[in-house]
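Report on the structure given below.
In this text, all values refer to a predicted model and were calculated from it rather than measured experimentally. What you see below is based on every heavy atom in this structure, not just the backbone, and it leaves out hydrogens, waters and symmetry mates.
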Amino acid sequence: MADTSAPVRLYCFAHAGAGVSAFNGWARRVGPHVEVTPVLLPGRDSRRREPRLTDHTALVTDLLERVRPEPDRAFVLYGHSLGAMVAHTLTQALHERGLPLPALLAVGACPPPDRASQLSDHHDTFDTGLMDKLRAMGAVPEGVTPGDYWHRAMLPVLQDDLRLAHALRVAARRTAADNGRVPVPLLAVSGNRDPLAPPSVMDGWLGWSAGPVVTRTVDGEHFFVREAALPRLLGRACRAVRRLGSAPAAGGPFVPAARQGGLPESGGRALATR
């Protein structure tokens with residue numbers, strides 16, 4: 001039983017090409033009794049001199065060094081886009097090793113491993129079409145031209161991250177076939193204007209957990225991680241975990257009861273307000 005007096009630790013994993021700046025301000029936005037802990041992958045920011053990771057085994061080794069769950073303290077994982085696959089991979093690795101599991105696995109803006117991915121499926125062909133898609137979703141800053149600083153500094157990180165995402169999706173399908181679905185509750189969050197992982201795609205996560213699965217939609221495009229609705233939603237989920245000592249069942253208090261209505265046992269959808 002987790003210590004319900006301690007803050008819930010919320011480990012956060014960012015999207016492809018990013019460090020952890022997307023989680024700036026989350027400590028205030030999630031509300032009380034939640035400790036936000038962004039996890040930085042190698043090859044960026046303070047770890048920029050370390051080799052970037054592009055395969056499943058190397059990622060798991062790195063994550064198990066940096067994420068050390070305390071047996072008597074509840075923790076939650078949230079991953080956005082590529083980060084969703086990182087969080088899912090970590091949950092699988094913890095389960096395989098008999099280590100403490102998250103009270104809740106939360107994923108956002110990422111198709112489940114058995115669905116097509118418009119980005120990572122094309123990790124080895126950075127053509128004009130893919131760059132146009134990245135630009136349209138806001139992943140490429142305005143005014144960027146071939147050969148400038150962004151192309152030299154950021155494009156290699158993004159390319160390697162998409163290679164990593166592809167490797168994790170392949171490994172997730174293999175692991176699920178061998179060992180089944182992850183045995184933890186799962187929250188799948190989508191942006192209502194996300195062209196890459198809309199609500200209809202995020203619903204596919206229903207088949208990836210052996211526990212209850214709840215789906216939620218927030219207002220935003222692919223990078224709704226930068227808006228206030230997501231951390232507030234996760235803060236409520238973490239406080240529910242803290243009260244109960246574990247994650248709530250499907251239909252639990254992830255959003256205000258007046259907004260969510262009745263939910264079926266297999267999960268449900270509501271628009272989380274800001």
Side-chain angles (χ1 to χ4, degrees), residues 9-27 35-70 75-94 96-97 99 102 106-110 117 119-127 130-131 133-135 137-172 222-223 225-226 231:
R9 181 167 288 153
L10 173 61
Y11 290 103
C12 301
F13 305 89
H15 50 278
V20 293
S21 63
F23 306 112
N24 290 348
W26 272 40
E35 181 181 301
V36 179
T37 306
V39 180
L40 182 66
L41 297 184
R44 64 212 76 206
D45 297 348
S46 62
R47 303 187 69 189
R48 62 185 176 277
R49 297 188 183 279
E50 300 178 45
R52 291 187 292 273
L53 306 177
T54 58
D55 71 89
H56 174 270
T57 301
L59 176 72
V60 168
T61 299
D62 186 80
L63 291 175
L64 293 178
E65 284 293 319
R66 295 184 173 274
V67 180
R68 296 180 178 271
E70 302 168 42
F75 69 100
V76 170
L77 305 181
Y78 175 72
H80 195 83
S81 198
L82 162 67
M85 288 310 309
V86 174
H88 182 268
T89 297
L90 176 57
T91 303
Q92 288 180 316
L94 293 171
E96 290 168 3
R97 290 159 177 77
L99 296 172
V107 296
C110 178
S117 170
L119 296 183
S120 63
D121 287 353
H122 305 283
H123 64 282
D124 55 349
T125 55
F126 255 69
D127 56 17
L130 182 57
M131 288 301 295
K133 190 170 296 182
L134 291 168
R135 188 173 286 105
M137 58 183 275
V140 180
E142 291 290 334
V144 163
T145 58
D148 65 9
Y149 175 79
W150 188 88
H151 275 80
R152 297 193 307 273
M154 298 307 301
L155 188 56
V157 179
L158 184 56
Q159 288 176 310
D160 281 347
D161 281 356
L162 293 186
R163 293 185 184 103
L164 175 62
H166 178 73
L168 298 185
R169 297 174 75 80
V170 171
H222 187 69
F223 294 110
V225 65
R226 300 167 179 163

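For the side chain to side chain contact (heavy atoms under 4.5 Å, CB included) criterion with Leu63, the lone passing option out of Leu53, Val86, Leu94 is Val86. For the side chain to side chain contact (heavy atoms under 4.5 Å, CB included) with His56, the qualifying choice from Thr61, Leu164, Leu168 is Leu168, the only one to do so.
Of all non-hydrogen atoms in Arg52 and Pro42, the two that sit nearest each other are CG-O, 3.9 Å. In this structure, Ala14 and Gly19 approach most closely via the heavy-atom pair CB-O, 3.1 Å. Of all the heavy atoms in Leu158 and Ala16, the pair that sits closest is CD1-CB, 3.7 Å. Across Phe75 and Pro69, no two heavy atoms sit closer than the pair CE2-CB, 3.3 Å.
For the atom pair Leu162 CG and Ser117 OG, the distance stands at 7.5 Å (nearest 0.5 Å). Taking CZ of Phe23 as the reference point, atom NE2 of His80 lies at 8.0 Å (rounded to 0.5 Å). A distance of 7.0 Å separates CD in Glu50 from CG in Asp62, rounded to the nearest 0.5 Å. Rounding to the nearest 0.5 Å gives a distance of 6.0 Å between OG1 of Thr89 and CD of Gln92. Between the CG atom of Leu41 and the CZ atom of Arg66 there is a distance of 9.0 Å, given to the nearest 0.5 Å.
The shortest distance between side-chain heavy atoms of Thr54 and Leu59 does not fall below 4.5 Å. Using a 4.5 Å heavy-atom cutoff, the side chains of Cys12 and Val39 are not in contact. With contacts defined as side-chain heavy-atom distances shorter than 4.5 Å, the pair Arg9/Glu70 qualifies. Contact of the Phe13 side chain with the Val20 side chain is not registered, since no non-hydrogen atoms from C-beta on lie closer than 4.5 Å. Looking at heavy atoms from C-beta onward, Val60 lies in side-chain contact with Arg97 at the 4.5 angstrom threshold. With contacts defined as side-chain heavy-atom distances shorter than 4.5 Å, the pair Thr37/Leu10 does not qualify.
Between Ser81 and His222, the side chains place a donor N or O and an acceptor N or O closer than 3.5 Å (distance only, hydrogens not considered).
Looking at Asp161 and Arg44, a side-chain N of the basic residue comes within less than 4.0 Å of a carboxylate O on the acidic one, giving a salt bridge.
Taking the side-chain hydrogen bond (donor to acceptor under 3.5 Å, both in side chains) definition, one finds that Arg48 meets it with nothing, sequence neighbours left out.
Between the side chain of Asp55 and the backbone N or O of Thr57, at least one donor-acceptor pair lies under 3.5 Å. Of the possible donor and acceptor atoms, none in the side chain of Arg169 sits under 3.5 Å from a partner among the backbone N and O of Ala165. Side chain of Arg47 to main chain of Leu40: a donor-acceptor pair is present (N/O by atom type, distance under 3.5 Å, no hydrogens or angles).
Ring pair His15/Phe223: centre-to-centre distance below 6.0 Å.
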